[in-house]
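Structure first, commentary second.
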Amino acid sequence: MRLVRELRDNSVEFLTSFGSAVIFFLRLLAYTPRALLRPRLVLRQVYVVGAESLVLIMMAGLFVGMVLGLQFYTTMAKFGAEQSLGAVVVLALVRELGPVVTALLFAGRAGTALASEIGLMKATEQLSGMEMMAVDPVRYVIVPRFLGAFIAMPLLTAIFNAIAILGSWWVAVQLMGLDNGQFWSPMPDNVDVFDDVLGGVLKSVFFGAAAGLLAVFEGFRAYPTAEGVSRATTRTVVMTAMAVLVLDYMLTAILI
Amino acid sequence: MRQEETLIEIRGLKYRRGDKVIFDGVDLDIPAGKVTALMGPSGTGKTTLLRLITGQLAPDEGTIRVAGQEVARLDRSELYALRRRMGFLFQNGALLTDFTVFENVAFPLREHTDLPEALIRDIVLMKLQAVGLRGTVDMMPSELSGGMARRVALARAIVMDPEMIFYDEPFVGLDPISMGQIVRLIKQLNETLGLTSIVVSHDVQEISTVADQLYLLSNGKIVGSGAPKALREDNSPWVRQFMQGLADGPVPFHYPAPSLEEAFLDREDKE
Ligand SMILES: Nc1ncnc2c1ncn2[C@@H]1O[C@H](COP(=O)(O)OP(=O)(O)OP(=O)(O)O)[C@@H](O)[C@H]1O
Ligand SMILES: [Mg+2]
């Protein structure tokens with residue numbers, strides 16, 4: 001009985017949060033054209049968000065690429081298929097790993113920073129202060145941060161992918177002794193610009209919207225206390241990770 | 001003498017937070033061009049009243065009219081238009097922590113006007129000079145003391161030359177020198193610019209020197225009002241207790257709580 005009640009309460013809570021997140025999202029969209037007309041605030045946020053995550057994304061990209069190179073090389077060498085390695089690695093990264101891993105790392109680094117920044121601004125009455133100066137905090141604080149995350153995500157994903165490909169190349173070619181030409185030559189034939197590359201970009205666009213939305217949403221509705229802000233931060237990571245994985249499945253199913 | 005105009009008119013205001021009734025039928029008139037003080041014990045809802053007047057909160061019942069407009073009925077752009085005519089000094093300052101003092105004070109100008117940079121600079125420095133903090137222009141809010149932050153916030157509140165200004169506890173945490181300075185500034189703004197000022201304060205002495213009219217709030221009601229001098233001679237027990245700072249009287253010093261016996265017995269039960 002208790003389990004049923006708890007499940008019910010949780011799903012009610014989830015649905016109401018989901019509903020208010022959707023409404024919030026529509027509100028952000030309504031503000032977006034005006035925000036893009038004054039791009040200074042948005043560009044600043046792209047820069048801030050990008051700079052925060054850049055080193056992390058590059059390191060992660062390098063090691064993910066190296067692991068892929070190592071794993072695929074040893075497995076594929078068993079079947080004598082190591083000449084397809086380059087194409088396989090690129091497909092795995094561009095279609096799947098690049099957007100997903102970047103989005104998860106982004107949630108942990110930039111998403112939490114956004115949520116706690118906005119939550120703190122609320123707790124210290126900075127948002128009310130803006131309201132009283134007749135400056136809409138949604139326009140001035142929230143929308144530029146959302147758009148910053150939205151724009152930064154595909155860029156970070158591209159960087160992640162590029163570095164990961166180099167990482168796998170380094171392991172496969174330099175360490176394991178695969179021929180350089182064998183690594184690169186199968187790519188043009190097997191990697192399709194529309195299916196694979198654009199599909200990946202589309203994913204990262206969706207993930208950027210989800211990660212940016214959830215971070216500013218959780219920050220903006222945080223209870224204005226220290227505990228409220230820390231809860232908002234945690235929820236940002238958890239919710240973004242869930243959203244990214246669910247979206248990933250749905251997008252993959254649609255794209256295939 | 002000019003006919004006294006009412007800038008802010010509150011009728012039958014009721015407001016509750018959860019189960020707690022904060023205002024239970026408040027009527028209040030704030031005349032234009034005067035300094036009106038709102039006083040009352042801590043936690044009676046003075047800050048809440050300022051938030052209601054400025055449209056940050058909506059009343060449960062009753063009406064609040066500012067300059068003829070009913071605040072709760074305004075849409076966002078009308079409310080913002082009204083707020084441009086208001087200055088608001090938050091109890092804690094509410095400075096933007098990412099901006100320098102200069103940028104904080106310049107913020108409303110940058111958002112609402114297209115003034116050239118040189119003019120913005122002059123206005124900002126002038127306002128900071130008025131609160132005695134021109135020397136802090138390049139500091140960050142985190143480098144200021146609480147009292148300094150509040151004075152910077154005051155400079156920001158007056159930077160757009162508002163028609164009315166709300167001060168939430170402007171004197172708390174100020175040393176006697178800056179306190180005197182701020183008191184003079186409030187008076188001066190009121191006299192030279194004809195600003196309507198609404199001051200929330202506990203400080204009976206200081207406020208009596210600036211206010212034209214006092215309202216005393218307690219338990220969700222107005223328990224006394226009038227000119228400072230008249231109030232000081234008022235014989236109602238509420239007013240006497242507050243104006244003279246007596247512990248005994250109708251205004252309880254303690255926030256409502258179970259009796260001491262109950263509280264302690266309850267704890268023993270649990271042990
Ligand atoms: N967010 C809130 N949720 C619930 N109750 C609140 C909230 N904020 C304030 N209150 C309650 O409203 C009442 C009035 O608060 P308010 O801040 O207006 O008091 P105040 O008169 O400004 O006090 P002080 O002089 O200490 O600043 C308090 O009793 C407080 O318990
Ligand atoms: Mg207060």
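This is a predicted model, so every value here is computed, not measured. Convention: sequence-line order gives letters A, B, ...; per-chain numbering from 1.
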Query raised in the report: Is there a side-chain contact between Arg83(B) and Glu131(A), using heavy atoms and a 4.5 Å cut-off?
Result: yes
Requested in this report: Give a yes or no on whether Met58(A) atom CE has more than 12 heavy-atom contacts from other residues, nucleotides or ligands under 6.0 Å away.
Outcome: no
Report summary line: Interatomic distance, CE@Met133(A) vs CZ@Arg156(B), rounded to 0.5 Å, equals 3.5 Å
Report task. Please determine, among Leu82(B), Leu95(B), Leu79(B), the option with the most heavy-atom pairs under 4.5 Å with chain A. Result -> Leu95(B)
Query raised in the report: Do Gln126(A) and Asp98(B) touch side chain to side chain, with heavy atoms closer than 4.5 Å?
Result: no
Requested in this report: Verify the neighbour count for atom CZ of Arg221(A): are there more than 12 heavy atoms of other residues, nucleotides or ligands below 6.0 Å?
Outcome: yes
Requested in this report: State whether the number of non-hydrogen atoms from other residues, nucleotides or ligands found under 6.0 Å of Arg44(A) atom CZ is greater than 12.
Outcome: no
Requested in this report: Compare every heavy atom of Tyr80(B) with every heavy atom of Ala134(A), then report the nearest pair and how far apart it is.
Outcome: CB-O, 3.4 Å
Query raised in the report: Roughly how far apart are Gln56(B) CD and Glu125(A) CD, rounded to 0.5 Å?
Result: 8.0 Å
Report task. Please check if atom CZ in Phe206(A) has more than 12 non-hydrogen atoms from other residues, nucleotides or ligands closer than 6.0 Å. Result -> no
**Report entry** Value rounded to 0.5 Å, distance of CD in Glu117(A) from OG1 in Thr97(B)
**Finding:** 8.0 Å
Query raised in the report: Does Glu227(A) CD have over 12 foreign heavy atoms under 6.0 Å away?
Result: no
Report summary line: Taking every heavy atom of Asn92(B) against every heavy atom of Thr124(A), the minimum-distance pair comes out as ND2-O, 3.9 Å
Query raised in the report: Crowded around Arg76(B) CZ? As in, over 12 foreign heavy atoms under 6.0 Å?
Result: yes
Query raised in the report: Near Arg139(A) CZ, under 6.0 Å, is it more than 12 heavy atoms from other residues, nucleotides or ligands?
Result: yes
Report task. Below 4.5 Å from any heavy atom of chain A, which atoms of Phe166(B) appear? Answer side chain, backbone, both or neither. Result -> neither
